[in-house]
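The figures that follow rest on heavy atoms only: side chains count, while hydrogens, waters and symmetry mates do not. Letters go in sequence order (proteins before strands), and every chain restarts at 1.
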There are 2 protein chains.
Amino acid sequence: MSYDPSAFPPFAVTVDLVVLTVRRHALCALAVRRGESPFQGRWALPGGFVRADEDLAQAAARELAEETGLHAHDASVPVQDNGAHLEQLATYGDPKRDPRMRVVSVAHLALAPDLPAPRAGGDASNARWAPVEELLQQGGYGREDEPMAPLAFDHAQILADGVERARSKIEYSSLATAFCPPEFTVGELRRVYEAVWGVALDPRNFHRKVTGTPGFLVPTGGTTTRQGGRPAQLFRAGGATLLNPPMLRPEV
Amino acid sequence: MSYDPSAFPPFAVTVDLVVLTVRRHALCALAVRRGESPFQGRWALPGGFVRADEDLAQAAARELAEETGLHAHDASVPVQDNGAHLEQLATYGDPKRDPRMRVVSVAHLALAPDLPAPRAGGDASNARWAPVEELLQQGGYGREDEPMAPLAFDHAQILADGVERARSKIEYSSLATAFCPPEFTVGELRRVYEAVWGVALDPRNFHRKVTGTPGFLVPTGGTTTRQGGRPAQLFRAGGATLLNPPMLRPEV
DNA sequence: ATCATAGTCGTCTGCCTGACGATAAACACT
DNA sequence: AGTGTTTATCGTCAGGCAGACGACTATGAT
């Protein structure tokens, strides 16, 4: 426990982001193409180095804004603008995870409503929303049938952990609303659950459940027809963050 | 995203440990007394620097062994010796959390059965099991009425996060068995839940619940009387890690 | 007008939970 | 030996919630 300098070898610390959204009924993650070695040309999660005077959450919020333009709202700020939810996911520090040097990466999870096309330094061809199954299956094919190699570094593991966190967290928290615009219908919220869990849910039981959970949804009074069919009531996310009772993910 | 060396200031990376156990019906955490500045003489969580060739989990397991003699079993090793459960908790990286230099600490959570006295470099007076409420309440009093200052650094926050993780995780996982010896009775397991949650549970409903949850408990055939009263069946932890249905923490 | 689509309200049944009575098997007394 | 105390274990019962599913409503498309 002495502070002999040889006792604490220098590390580089980065933040990596698992940014999830729901597009066209599929859970998608933001991927950027690497412009340099190692893993040049491969897809990776967005991220970057933590600056000397920066908190980890600040660094993650900064990277998120740089990559997507999203303004993250911390848990401390209850503002419900169209910012994204951002939370720490886990930290990855295998000595060999980066071949160049010792890098410890603090991964963060961001949940965002469906967004316009991403931007990565202004170059749209180097950033894309991709369905998570596509990014996680090895040897799959990406957009335009270009052969897709696995994600760079240990990013496949990080993405898998982030997806699993999101899947379990929408069970007992109101986080699914982070995938929705400020006002949304019960049907849109249901399609979020269906996309994230990859299951079909009974619209009638789902409606009863979410409208019956105190603090989950607050009706705004308005109605809308967005998908054809009977107009639906519009809701806003209620103040509750923990759902009681929780939403139950169907067995297998 | 360039690798200009000025872009990645050097960090020190440490692991801190929240080691929890249940002693005398109370949830206790391991605390060590700091021998040097800053916070000299104050209580802190055990921890230390990650070595150059070490994974984060390895570093945490090494520190745990050094402080307690416990042999941590990773999630990958299903062995149920009297090792402790060890998992990553969260990472703390406020630029000012250590006044000397930029330190990022990857906190880990360990759950252990009741143990003999702790050792901290062979000096027992510099390590103790303390009830978590005692460590978390500011200005409380420690053993032998010595006035107790708050934990060093941001360790009160880390401990609070670890306790909250343990409280919620025993709801939906079989982790409560990590607080028990290899063989235990339903009553002992119930007292673990009562200590961690700080509530009283109905023995009859608890017995029905845990014996009815598939994969949670496996009877060993033996019986024991450890607290007086009728002998109880002995159980071993079953293979299930996720409880379905979960244990429900009583409302406030 | 008719159909397709989506939303909303009800009903019914089975399961789980919490509250709690009753019995069983040990120990500590007298 | 008998009595009380403690802990373990089994049962019962009522209330609530979830899944399955029928019925009705309100819009747009043809």
**Prompt:** For L201(A) and dA20(D), what is the distance between atoms CG and C1' respectively, to the nearest whole Å?
**Reply:** 14 Å
**Message:** So for R204(B) and dG11(D), does any side-chain atom that can act as donor or acceptor lie under 3.5 Å from a complementary atom in the base?
**Reply:** no
**Message:** Is K209(B) close enough to dC16(C) that one of its side-chain N or O atoms is under 4.0 Å from OP1 or OP2 there?
**Reply:** no
**Request:** Measure from the side-chain N and O atoms of D202(B) to the backbone N and O of N205(B), and report whether any donor-acceptor pair falls under 3.5 Å.
**Result:** yes
**Fill in**
R226(A) atom CZ is separated from dA6(C) atom C1', nearest whole Å, by 14 Å
**Prompt:** Within the modelled atom types, does a donor on one side and an acceptor on the other bring the side chain of R208(B) and the base of dG18(C) under 3.5 Å apart?
**Reply:** yes
**Message:** I want to check something: taking the side chain as every heavy atom from C-beta on, are Y193(B) and V22(B) in contact at a cut-off of under 4.5 Å?
**Reply:** no
**Asked** So, do H25(A) and E194(A) sit near enough that their side-chain heavy atoms are less than 4.5 Å apart?
**Response** no
**Item:** Spacing between N205(B) atom CG and dG11(D) atom P, to the nearest angstrom
**Value:** 14 Å
**Complete:** The answer to which of P245(B) and D202(B) contacts DNA chain C further toward the 5' end, by nearest nucleotide, is P245(B)
**Residue pair C180(B) / P113(B), side-chain heavy-atom distance below 4.5 Å** = no
**Message:** Please compare P246(B) and T225(B) by the position of their nearest nucleotide in DNA chain C and report the one closer to 5'.
**Reply:** P246(B)
**Message:** What is the separation between atom CG on L248(B) and atom P on dA19(C), rounded to the nearest whole Å?
**Reply:** 12 Å
**Item:** Atom-to-atom span, CZ of F206(B) to C1' of dC20(C) - whole angstrom
**Value:** 18 Å
**Message:** Is H207(A) close enough to dG7(C) that one of its side-chain N or O atoms is under 4.0 Å from OP1 or OP2 there?
**Reply:** no
**Item:** Euclidean distance, atom CD of residue Q227(B) to atom C1' of dA25(C) [Å, nearest integer]
**Value:** 16 Å
**Request:** Among L89(A), D16(A), L136(A), find the residue that satisfies the side chain to side chain contact (heavy atoms under 4.5 Å, CB included) test when tested with L159(A).
**Result:** L136(A)
**Item:** Whole-Å gap separating P (dT7(D)) and CD (E194(B))
**Value:** 11 Å
**Request:** Determine the contact category for R190(A): base if any of its heavy atoms lies under 4.0 Å from a base atom, sugar-phosphate if only primed atoms, P, OP1 or OP2 are that close, otherwise nothing.
**Result:** sugar-phosphate
**Message:** Is it the case that the base of dA8(D) and the side chain of R230(B) share a donor-acceptor contact (distance under 3.5 Å, atom types as modelled)?
**Reply:** yes
**Message:** Any side-chain N or O of R191(A) below 4.0 angstrom from OP1/OP2 of dG7(C)?
**Reply:** yes
**Asked** To the nearest Å, how far apart are Y193(B) OH and dG18(C) C1'?
**Response** 17 Å
